[in-house]
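What you see is a predicted model; the values in this text were computed from it and never measured.
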Amino acid sequence: MITTEGTFQRQVEPGRVLTMPTDGTGLVVLDPWLEPFKDALRTRYAHFQWFKSKMDEQGGFDKFTQGHKYFGFQTASDGTITYREWAPNAETASLVGDFNSWDVDANPMTRIKDNVFEVVVKPTATGKPAIPHNSKVKITMTVRGTGERIYRLPAWIRRVTQDLSVSPTYDAIFWNPEHPYTFKHPRPKRPSTLRVYEAHVGISSNEPRIATYKEFAQNVIPRIAYLGYNAIQLMAIMEHAYYASFGYQVTSFFAPSSRYGTPEDLKELVDTAHSYGLTVLLDVVHSHASSNVLDGLNMFDGSHECYFHGDGRGRHELWDSRLFNYGYLPVMRFLLSNLRYWMDEYQFDGFRFDGVTSMLYKHHGIGYGFSGNYHEYFGDLVDEDGVMYLQMANAFLHDLYPQVITVAEDVSGMPGTCRPVDEGGVGFDYRLAMAIPDMWIKLLKEKKDDDWNMGKIVHTLTNRRHLEKAITYCESHDQALVGDKTLAFWLMDKEMYAHMSDLTERTPIIDRGMALHKLIRLLTYGLGGEGYLNFEGNEFGHPEWLDFPRQGNGSSFHYARRQWHVLDDPLLRYKYLNEWDKAMQHLEQKYEWLNAPQAYVSRKHEGDKVIVFERANLLFIFNLHPTQSFADYRIGSNISGKLKVVLSSDESRFFGHERIDLNGEYFTTAGDWDGRANWLQVYIPSRTALVLGKSDDVSHT
Ligand SMILES: *[C@@H]1O[C@H](CO)[C@@H](O)[C@H](O)[C@H]1NC(C)=O
Ligand SMILES: CC(=O)N[C@H]1CO[C@H](CO)[C@@H](O)[C@@H]1O
């Protein structure tokens, strides 16, 4: 709402309305320490505004972001196919394929305007498209200056397939099914708190092979719904030439990976998720592109700079991939339309943007350690075009899809990443709290349980920018990848093959591992953010690690799968960890603590190894001590009256020891303790977590 010239009002949290300037320096109102960077913020916003005005000249967001309805293959109802491509460095171009026997003279393209080539393919005499559905096509061009003839996959192609018995290079496929998938279920409402299940379709079966979209829809989505997550984040969907890259070397931006099935199958997957009320986020890789020429975007028109920077800025040295020229309108049109296409064509509900740090900084974060000093986020280190592109993506997505969710994968912690663009922010809804999983791995690798520092754990879990939402997690796919291993494996690898059966004794290693696996998750969940994320399989303590078939491991699928059978075996102990996950999700669903302000930590006791905090009218109590249990342990609480246990990690259905009386009532006594207005006394056994709630709104989960 614009009030007076040059300012607007924004409610930033309940009961707090701020007046902000309209010049993109609103962040300074939120965080006065940004004052020295006011000019930089103003310049940044002016840069965004300038590009936005360029888009407005071309018809605004709505038109500019629908390049996919103009470029590539467009089939009219009378069967006429029009194919268009932007190729500034091409002298001539023509469309070839099975349909014209790859004859370069059969369907020449005309340069119509702005380096756009076009060809119209008339329908057959019977009114059918002259290019058959599911047949191979390519664009061939001669290069300006040299006259060299090159063959490329159309840049906007919607399906590519790989016949590994012939060659690893992808073929472009004209996809025009007679009966395209029609969506049956509307998008679910935007979840009020975000509980994300991160998944990879290909690894989603027990068997040593690539699982399909259909299998994922049938077998995995019901599991996700059972647990109580409300969002799925799908990795490695955009087509990538190398399976082992985990989807990070994208070759065809508009093609869903054909390894898992057809485009229609992916639509069915998204629709199935929607039928369960699950939101679906796509991991979108706009941070870089595969350097493949024959089946990638690299050197599309024979030049180095078509979609990318032509100079050194166009290469990512570590990833050996190409970097987009974000400040170039045809490139922005390609990428923004790509987002729009996944939203409209596949009905995704939002995105996790991969590699945001690489996009924000000229150094791409390579070998750069962020200390949090504000100078790191402004000035010469920053790639202002990368910032502008992300602002534009977020601004247009939130403008056209008020329910959309965007998540930044960023380690730098740039201020304003998750504030609206009109305040000078980058416009994301959430960022991933990437320091948290690193902390857990480091602790498990390097510290004895006696040496865990409660203060440091709490600090890492709560160290985030106020009013910018973070998604917290103990481990994502990153931690599972070969070279590292899952938390469950860090905790119990010595005995996981022999002692996970209920028929074997409870060894100290298994007892500790099972207990800490639950505590680490709940502590992270309760304290660490405004959203929660779990990677497929880790909800039940998936053993081992993730390794995709590649030369170095004999092309083995052994570690490129999820071992659901260990969860489904009623004699094995994985089920307890799974049930714990379910209990946590359902408790969050009920109390929505992710929406509540940050927790108040009333106790982090180094000797006792006890952490206590309050959030959303719940009292979380953790005893991380390896041996000590405490009877009548006094803790502070601002919640008063009669409390009851709403979650106990000590229940036998979670592999606990049943030492906590679930029917017990706790009465608070007025009086200052740990900075709280009341206190109560609890029995808190070693390596146990308890959550207490007001007894009048307790129904045990
Ligand atoms: C909690 O109790 C403390 C100590 O009495 C008091 O200072 C504080 O304002 C209370 N906080 C809330 C949110 O009620
Ligand atoms: C079958 C095979 O060669 N497996 C190897 C895959 O790679 C891992 C990690 O480098 C090795 O430990 C395996 O032996």
Side-chain angles (χ1 to χ4, degrees), residues 51 53-97 99-100 102-124 129-131 135-159 172-176 252-255 296-308 310 324-325 327-338 340-341 344-345:
F51 273 95
S53 72
K54 288 285 140 199
M55 253 170 241
D56 289 340
E57 281 167 26
Q58 302 203 16
F61 278 155
D62 191 38
K63 184 143 176 272
F64 191 80
T65 55
Q66 296 197 72
H68 54 289
K69 297 204 171 154
Y70 181 78
F71 290 97
F73 292 90
Q74 309 295 334
T75 310
S77 51
D78 71 351
T80 304
I81 297 169
T82 309
Y83 169 58
R84 298 190 192 91
E85 202 74 70
W86 172 72
N89 197 45
E91 184 72 54
T92 69
S94 44
L95 172 64
V96 291
F99 78 103
N100 66 8
W102 303 90
D103 177 356
V104 297
D105 299 319
N107 295 86
M109 300 176 76
T110 324
R111 187 190 297 268
I112 49 169
K113 59 169 187 185
D114 303 334
N115 296 314
V116 174
F117 289 85
E118 179 187 87
V119 62
V120 176
V121 184
K122 292 259 155 52
T124 63
I131 309 177
S135 66
K136 291 177 190 165
V137 287
K138 264 185 186 162
I139 180 174
T140 174
M141 295 167 270
T142 54
V143 177
R144 272 191 189 164
T146 67
E148 183 199 353
R149 173 162 297 285
I150 57 175
Y151 286 83
R152 296 289 186 261
L153 307 195
W156 304 69
I157 195 74
R158 294 166 179 221
R159 178 161 174 81
I173 302 292
F174 175 68
W175 189 254
N176 184 29
S252 291
F253 285 74
F254 287 82
L297 265 192
N298 190 14
M299 301 200 70
F300 178 74
D301 62 358
S303 77
H304 287 284
E305 65 259 11
C306 186
Y307 285 95
F308 310 103
F324 288 102
N325 183 355
Y328 191 31
L329 283 166
V331 177
M332 292 175 72
R333 179 178 54 206
F334 181 80
L335 293 174
L336 295 175
S337 300
N338 188 234
R340 181 93 189 251
Y341 167 79
D344 290 353
E345 186 74 19

With rounding to the nearest 0.5 angstrom, report the [atom1] to [atom2] distance, [X] to [Y].
| X | Y | atom1 | atom2 | value |
| --- | --- | --- | --- | --- |
| Trp102 | Leu95 | CH2 | CG | 9.0 Å |
| Arg152 | Thr140 | CZ | OG1 | 9.0 Å |
| Gln74 | Thr82 | CD | OG1 | 7.5 Å |

Less than 4.5 Å apart, any side-chain heavy atom of [X] and any of [Y]?
| X | Y | answer |
| --- | --- | --- |
| Arg340 | His68 | yes |
| Tyr151 | Val96 | yes |
| Pro88 | Ser303 | no |
| Ser337 | Trp156 | yes |
| Arg158 | Glu345 | yes |
| Glu91 | Val143 | no |
| Met141 | Met109 | no |

Who pairs with Asn89 by side chain to side chain donor-acceptor pair (under 3.5 Å), at least two apart in sequence or on another chain?
-> none
Set of side chain to side chain donor-acceptor pair (under 3.5 Å) partners for Thr142, sequence neighbours left out = Thr92
Any donor and acceptor pair, going by atom type alone, linking the side chain of Tyr83 with main-chain N or O of Val120 inside 3.5 Å?
-> no
Counting only N and O atoms by type, is there a donor-acceptor contact under 3.5 Å from the side chain of Thr80 to the main-chain atoms of Ala76?
-> no
Please check if the distance between the ring centroids of Phe253 and Phe324 is under 6.0 Å.
-> yes
Are Phe334 and Phe254 near enough that their ring centres are under 6.0 Å apart?
-> yes
Would you call Lys69-Asp344 a salt bridge at under 4.0 Å N-O?
-> no
With a distance cut-off below 6.0 Å to the six-membered ring centre and an angular limit of 45° from the axis, does Arg84 pair with Phe117 as a cation-pi contact?
-> no
Kindly indicate, with the supporting measurements, whether the criterion side chain to side chain contact (heavy atoms under 4.5 Å, CB included) is fulfilled by Asp301 and Trp86.
-> CA-CA 9 Å; Asp301 62 358; Trp86 172 72; over 6 Å; no
List the steps, then state whether side chain to side chain contact (heavy atoms under 4.5 Å, CB included) holds for Phe300 with Ile150.
-> CA-CA 9 Å; Phe300 178 74; Ile150 57 175; over 6 Å; no
What are the two closest non-hydrogen atoms of Phe73 and Ile81, and how far apart are they?
-> CD2-CG2, 3.9 Å
Correct closest heavy-atom pair for Val104 and Arg149 would be CG1-NH1, 3.9 Å
Going through the distances and angles, do Phe308 and Met299 end up as a side chain to side chain contact (heavy atoms under 4.5 Å, CB included)?
-> CA-CA 9 Å; Phe308 310 103; Met299 301 200 70; over 6 Å; no
For Ile173 and Lys136, what are the C-alpha separation, side-chain angles and deciding distance, and is it a side chain to side chain contact (heavy atoms under 4.5 Å, CB included)?
-> CA-CA 5 Å; Ile173 302 292; Lys136 291 177 190 165; 3.9 Å; yes
